[in-house]
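Worksheet: the structure to be examined is printed underneath.
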Amino acid sequence: MHPDHDDARADPWSIDLERIQFSPYFSRLSAVTQVVSPSIGAAPVHNRLTHTLKVSAIARVVALQLNTRSRRAGEGDVCNATVVEAAAYAHDLGHPPFGHLGESTLDRLAREELGLPDGFEGNAQTYRILTALDVVENAPRGLNLTAAVRAASAKYPWAPSVEAADVERIGPPRGIRRSPDGAYRVHKYSAYDLDLDDLDEARQGVDAEPLRQSIEGAVMDLADDIAYSVHDVDDFYRAGILDHAPIAAEFRGWLDDVLEWRSRDDAEVRAELAPGAGLERLRRKMRRDDPWIADDEAFLAAVSDVDAEMVTDLLARPFDGSLTAERRLAAFTDRWIRRFQESARLRPLDTPRAGPVVLSPWAWHHVEVLKFVHKRFVLSRPDLAIQQRGMSRILARSVRALGEWLDDDLDRARTPRRLRELIALAREQYAALPAENRPSDAEAETLARSRGIVDYVASLTDSQAFALSEAISGRADRLWSLGQRL
């Protein structure tokens, strides 16, 4: 099934890259939320497309730098830069409307109301798009990509049904947690059970270690973290959302009493509301989750640097739209991205929490502190939470209404053709599963219906999701154009 690339004009990975770039799933990212919906925000903010373009640019530089260092050491290239770039372009294709809020909402609906045991996950949806939902000429389904690109697009290279023995053998990687009862909980994964055979085949083609990213996949993942940690500061500084006073209070509240914070017990710190408590909780989480790299002195240096360069220097002067302000922000962004890119290095696979390519300890701590600012002072805002609750209802209304429509014997034939095609595709996939994993015909029909609904809603843009919800409620204002868009 995979690749029959015979285009003499380019290597197979460049053809893969082109297929992803020309995909309608890629085009829709311009109208999909990164943090704040591009259809709502008053100030220009990143959408999934602009984020993806920056991830790709960062990833390619990291790949080329790794190769340059390897050649200087008298060795060959260690990373295929084109594969890295293709994986970066693909990495967010599966994100549904309304960003991570949409992802968590669809996962809850898929599990609790639609009966899908493997739920919904943006990374798994990406892999499903590449290998099953998207189309290209002369392939039965999917984009017919090389094994290298498919494997690199899998940030969490397993399915929810991953064997506990496999996890036990190396320890839980990022995306899998051990519960207090000793069981493993898979909360991040890059393939649904329907698509796992394809992922296994791709990883065999690149000889990837069990439960480990390929080198190209690790570079893509690292670049995603770098872009996320820096461009959210850019977005919300421009929009006036990053209020200097509370952020400065949080940083000073921790830096002025570092030793006192370290001496307090966990329960007290968890309950503490005073400025500085959030950073202390972050320090403890990093030590708990990643003891192989977490270091108190590196954390102190990271908090001090972010306080000096972002809080005191950048945020203390509100963004006023002037060229001077633009230059100051550009200098901050460029400086931090360059530092992070240059810190990337190969690492032996000696801990399940690390990929084959990692940031230096210095850079890793700085990325985590920058991400903290975004999570603590943007994502936790009540005004954003109010909007997100409304978006969650939009998706829930659409999923439920489509299910009811499919159950209507008198009107089922008028459901969107694309929805029926997605259900038929899922039905074929369930029928093709190995006998030991194949559901009964009745179960397969129910699962295919549910997976088709999720595939359909997840493929909408923010505005299409709004339009579908309004139409289902009888409030569509552009009746005749709506059907073609949905």
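Sequential numbering from 1 along the given sequence is applied to the chain's residues.
- Just one of R449, R128, R420, R418 meets the salt bridge (Lys or Arg N to Asp or Glu O under 4.0 Å) condition when paired with D455; it is R128.
- Between R412 and D408, no side-chain nitrogen of the basic residue sits less than 4.0 Å from a carboxylate oxygen of the acidic one, so the salt-bridge criterion is not met.
- One side chain, D134 or S23, offers a donor N or O that lies under 3.5 Å from an acceptor on the other.
- L194 places a side-chain heavy atom less than 4.5 Å from the side chain of Y430.
- Using cut-offs of 30° and 60° on the angle between ring planes, the pair Y192 and F120 is tilted.
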Pair L422-V454, side-chain contact (heavy atoms from CB on, under 4.5 Å): steps then yes or no:
CA-CA 9 Å; L422 290 170; V454 170; over 6 Å; no
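- For E216 (side chain) and A152 (main-chain N/O), no donor-acceptor pair under 3.5 Å exists by modelled atom type.
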Determine, step by step, whether Q213 and R203 satisfy the side chain to side chain donor-acceptor pair (under 3.5 Å) criterion, reporting the C-alpha distance in whole Å, the side-chain angles of both residues, the deciding distance to 0.1 Å, and the verdict.
CA-CA 9 Å; Q213 298 167 330; R203 287 173 55 74; over 6 Å; no
Apply side-chain contact (heavy atoms from CB on, under 4.5 Å) to the pair K371 and V367, showing each step before the final yes or no.
CA-CA 6 Å; K371 286 163 65 176; V367 165; 3.5 Å; yes
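- Rounding to the nearest 0.5 angstrom, the gap separating the CD1 atom in I20 from the CD1 atom in I15 is 12.0 Å.
- Y237 and F319 have perpendicular rings, their planes meeting at more than 60° on a 0 to 90° scale where under 30° would count as parallel.
- Heavy atoms only, all atoms of each residue included: L133 and Y25 are closest at CB-OH, 3.6 Å.
- W336 and F332 have tilted rings, their planes meeting at an angle from 30° to 60° on a 0 to 90° scale.
- Residue pairs satisfying the side-chain hydrogen bond (donor to acceptor under 3.5 Å, both in side chains) criterion with at least one member in residues 165-176, sequence neighbours excluded, are listed as follows: D166-R169, E168-Y184, R174-D290.
- When all heavy atoms are compared, the tightest approach of P439 to L433 is CD-CD1, 4.1 Å.
- Sorted by first then second residue, the side-chain hydrogen bond (donor to acceptor under 3.5 Å, both in side chains) pairs that include residues 115-124, not counting sequence neighbours, are D118-R451, E121-N123, E121-K188.
- Across all non-hydrogen atoms, the minimal contact from P172 to V167 is CA-CG1, 3.7 Å.
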After noting the C-alpha distance and the side-chain angles of D198 and Y127, does the key distance pass the side-chain contact (heavy atoms from CB on, under 4.5 Å) rule?
CA-CA 9 Å; D198 189 285; Y127 198 84; 2.5 Å; yes
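- Remark: side-chain polar atoms of S398 are not paired, donor with acceptor, to backbone N or O of L468 under 3.5 angstrom.
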